[in-house]
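Letters A, B, ... are given to chains in the order of the sequence lines, protein chains preceding strands, and every chain is numbered from 1. From a predicted model like this one, the values you see are computed outputs, not experimental measurements.
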Amino acid sequence: MAINDEVAARLGELVTLTTLADGTKQSFRVRAYERARDAVRTLSAPVADLTAAELQQIDGIGASTAKKIREYLETGTIAKLDELRGRFPPGLVEVMRIPGMGPKTVLLVRDELGVASVDDLRAAVAAERLRDLPGLGKRSEEKIAVAIERLGLHGKDRRTPIIEALPVADEIVGLLSAQPAVDRVESAGSLRRFRETIGDVDVLVASGDPESVMDAFGSLPVASEVLARGETKSAILTGSGLQVDLRVVAPDQFGAALLYFTGSKAHNIELRQRAISRGWILNEYALTDEDGRVLAAATEADIYGELGLEYVAPPLREGVGEVAAAAQGTLPDLVQMGDLHGDLHVHSSWSGDGRSSLEDMVAAAAARGLEYVAITEHAEDLAINGLSRDQVREEREVIDALRAAHPELAILHGAELNIGRDGSVDYDEDFLAGFDWCVASVHSLFDLPPEQQTRRLIAAMENPAVDVIGHLTGRRIGRRPGIEFDVDAVFAAASKTRTALEINCHLDRLDVPADLLLRARNRDDLTFVISTDSHHVSEYSHAEWGVRHAQRGWVDRSRIANTMSRAEFLAWLGAKR
DNA sequence: GCCGTTTTCGGCCCGACTGTTTTCAGTCG
């Protein structure tokens with residue numbers, strides 16, 4: 001939501017500037033602002049609706065930050081922020097983006113060399129003036145020089161879309177698992193939490209021979225450069241500029257290490273605080289008691305159990321209330337792959353961009369054990385890919401024949417309609433009535449003002465033929481932002497019109513986005529469907545991504561329509577239509 | 001700056017790697 005993102009951005013500025021003011025990221029004030037920023041970012045209500053007292057009720061926001069938020073909402077500015085901006089101008093803040101340039105070093109080069117921008121620093125490096133500063137040397141100067149030239153290409157704040165990072169991680173995991181010294185290997189970090197973008201790839205290995213694992217890691221074909229190499233920890237850069245961190249632990253410590261390396265940082269801190277409150281210590285090696293005895297280490301489940309918590313699935317580990325929920329036994333009932341009994345958004349080569357035949361798509365659905373599938377070709381308004389009315393009638397006859405050949409599968413003849421500027425869709429009312437299931441999606445006009453997008457989406461949902469809105473925002477992760485609209489109004493309309501919201505499984509969509517799913521986490525009045533939007537038989541397996549994304553959004557199984565059995569689903573659809 | 005089934009004051013997660021040190025500071029996750 002726009003206003004929450006805006007406030008979170010101001011709090012994020014306070015994080016950066018306070019890091020400089022305090023000289024460390026570890027300062028309690030910095031961490032407090034970080035918590036407040038994350039709390040606002042994941043808030044389910046618009047922050048503008050809350051009084052200072054209500055803001056203080058939010059975990060991580062105290063009197064001081066609540067006051068600053070109200071100050072910003074009422075005056076458009078925060079005095080404290082303005083003061084810090086005056087002390088640390090944007091050019092200097094930019095210097096902190098360079099890997100290796102932390103607050104201490106930034107202030108050192110400012111005070112000693114008058115550096116106030118990245119350009120200044122580049123010049124100072126060229127003049128070899130850094131090497132004589134206390135704590136720095138020739139080697140540091142060279143590393144900073146390299147880092148400056150890489151800035152923008154892969155600075156420490158660059159994030160990689162999951163669709164790019166996942167194959168790299170899979171390749172590395174595959175190659176390492178073939179190493180004889182490797183007992184076990186798994187990717188961790190934000191990739192395991194299934195974040196939409198990844199900072200770097202984290203890989204964890206269990207081995208009794210760390211040195212040979214490090215050797216193998218450094219000489220992987222994807223490694224274009226070794227950034228760091230220690231006894232248990234190394235980092236490489238791939239040719240595409242993605243950083244991969246490797247950690248090696250003993251096999252009996254794998255659970256503790258996986259927990260630590262998966263994060264998030266906020267989740268880890270909460271777990272470690274919980275350990276401390278019992279007089280224990282949790283680190284990446286084990287959970288130990290006051291006498292140093294190991295209470296749990298081998299598996300994550302053991303550690304959660306010892307801490308009195310339900311197991312928390314990785315996609316939930318963001319420090320947004322999951323630890324408290326795990327303590328109270330109120331974690332969401334998460335959907336699993338085995339729960340999905342149908343796929344309600346599937347194309348075949350009848351659509352211009354479909355790549356498998358209708359017959360193959362149907363056979364593949366049956367082979368996967370699906371109980372129902374909706375064939376939803378593009379509709380006529382999508383000029384290149386859409387079907388004319390004659391083609392729709394023609395395909396319907398083919399589908400009728402396929403039904404006879406696949407009695408185990410309920411085949412719905414559907415369509416993916418295009419939502420026009422005013423919310424209208426393809427075809428007329430009578431023709432639409434011939435479909436069993438209609439997805440309606442935005443495929444155009446992504447830049448309309450939010451009020452128009454809101455009206456457009458609501459108008460489409462009010463159309464009785466529309467069963468579900470496809471890929472709600474239309475975003476392509478890392479490539480195209482989604483459309484902007486009034487989320488609460490759209491959710492309310494979805495509830496009122498009983499229109500489902502699709503969770504699109506494609507890795508560059510994952511749409512509805514997780515932050516919007518989180519905003520809806522207490523809305524039992526909304527129905528979702530997890531759909532692959534397959535254009536090829538191989539894409540049914542993308543359901544796994546949608547499941548993990550739904551988990552990340554705290555969407556419980558009961559709110560997902562395609563967890564219903566065939567009979568339940570058809571009854572539900574009949575009652576709805 | 002936040003927070004309280006030990007606390008409204010006094011704590012706040014924990015450890016690895018690098019480069020510069022000769023026992024540690026800075027950075028990172």
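Atom name P, nucleotides B/dC3 and B/dT8: the rounded distance is 16 Å, in whole Å. Rounded to the nearest Å, the gap between the P atom of B/dC28 and that of B/dT23 is 25 Å. Atom C1' of B/dT20 sits at a distance of 23 Å from the matching atom of B/dC14, rounded to the whole Å.
When rounded to the nearest whole Å, the span between CG of A/Leu11 and C1' of B/dC2 equals 14 Å. Between the CD atom of A/Gln26 and the P atom of B/dC14 there is a distance of 12 Å, rounded to whole Å. Taking atom CD of A/Glu270 as the reference point, atom C1' of B/dC2 lies 13 Å away to the nearest angstrom. Between the CH2 atom of A/Trp280 and the P atom of B/dC14 there is a distance of 14 Å, given to the nearest Å. Regarding A/Leu246, its CG atom lies at a distance of 16 Å from the C1' atom of B/dC28, rounded to whole Å. If you measure from atom CZ of A/Arg97 to atom P of B/dT27, you get 17 Å, rounded to the nearest angstrom. Rounded to an integer number of Å, the gap from A/Glu141 CD to B/dG19 P is 14 Å. Protein atom CG of A/Leu107 is 15 Å distant from nucleotide atom C1' of B/dA25, rounded to whole Å.
At the heavy-atom level, A/Lys138 lies under 4.0 Å from the strands shown only through sugar-phosphate atoms. Using a 4.0 Å heavy-atom distance criterion, A/Lys80 is classed as making no nucleic acid contact. Backbone-only engagement by A/Tyr33 is indicated by non-hydrogen atom pairs under 4.0 Å involving sugar-phosphate atoms exclusively. Residue A/Leu282 is classed as a sugar-phosphate contact, given heavy-atom separations below 4.0 Å to backbone atoms only. Counting any heavy atom pair closer than 4.0 Å across all strands shown, A/Lys25 reaches no nucleic acid atom. Residue contacts shown for A/Glu231 are limited to sugar-phosphate atoms, with no base heavy atom under 4.0 Å away. Contacts of A/Asn268 with the nucleic acid, taken as non-hydrogen atoms under 4.0 Å apart, are absent.
Remark: A/Phe28 engages no residue in a ring pair (Phe, Tyr, Trp, His ring centres under 6.0 Å) (not counting sequence neighbours).
Searching all strands for a Watson-Crick or G-U wobble partner of B/dG19 with both distances below 3.5 Å returns B/dC24.
Take the nearest nucleotide of DNA chain B for A/Gly137 and for A/Ser234: the residue whose nucleotide is more 5' is A/Ser234. Between A/Asn283 and A/Gly23, the residue whose closest nucleotide on DNA chain B is further toward the 5' end is A/Asn283.
Of the residues A/Arg195, A/Lys265, A/Arg193, the one that meets the side chain to side chain donor-acceptor pair (under 3.5 Å) test with A/Glu318 is A/Arg193.
For A/Thr232, a side-chain nitrogen or oxygen approaches OP1 or OP2 of B/dC17 to under 4.0 Å. The side chain of A/Thr105 places an N or O atom within less than 4.0 Å of a non-bridging phosphate oxygen (OP1 or OP2) of B/dT27. Residue A/Lys143 places none of its side-chain N or O atoms closer than 4.0 Å to OP1 or OP2 of B/dT27.
Of all the heavy atoms in A/Glu300 and A/Gly255, the pair that sits closest is CG-O, 3.6 Å.
Side chain of A/Arg247, nearest nucleotide from B/dG15, B/dG19, B/dC2: B/dG15. Listed candidates were B/dC14, B/dC17, B/dC28. Nearest to the side chain of A/Pro99 is B/dC28. With distances taken from any side-chain atom of A/Tyr285 to the nucleotides B/dG1, B/dG19, B/dA16, the minimum falls on B/dA16. Residue A/Tyr260 has its side chain nearest to B/dG29 when only B/dT20, B/dG29, B/dC2 are considered. Checking B/dG1, B/dG19, B/dG29 against every side-chain atom of A/Arg29, the shortest atom distance belongs to B/dG1. Residue A/Pro103 has its side chain nearest to B/dT27 when only B/dC28, B/dT27, B/dC2 are considered. Listed nucleotides: B/dG19, B/dC14, B/dG26. Nearest to the side chain of A/Lys104: B/dG26. Closest contact between the side chain of A/Ala32 and the listed nucleotides B/dG15, B/dC17, B/dG1 involves B/dG1.
Panel note: side chain A/Arg548, backbone A/Pro315; no donor-acceptor pair is recorded below 3.5 Å. Remark: side-chain polar atoms of A/Arg131 are not paired, donor with acceptor, to backbone N or O of A/Ser140 under 3.5 angstrom.
Under the 3.5 Å distance criterion, with hydrogens and angles disregarded, no donor-acceptor pair is assigned to the side chains of A/Asn268 and A/Glu270.
Under the 30°/60° scheme for interplanar angles, the aromatic rings of A/Tyr311 and A/Tyr304 are found to stand perpendicular.
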* Check the pair A/Arg41 / A/Asp38 against salt bridge (charged side-chain N to carboxylate O under 4.0 Å, His left out), numbers first and verdict last. => CA-CA 5 Å; A/Arg41 198 185 269 157; A/Asp38 293 345; 3.4 Å; yes
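A/Glu211 CD: 12 or fewer foreign heavy atoms inside a 6.0 Å radius.
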Protein-nucleotides 3-12 of chain B N/O pairs under 3.5 Å:
{"unit_1": "B/dC3", "atom_1": "OP1", "unit_2": "A/Gly60", "atom_2": "N", "d": "2.6"}

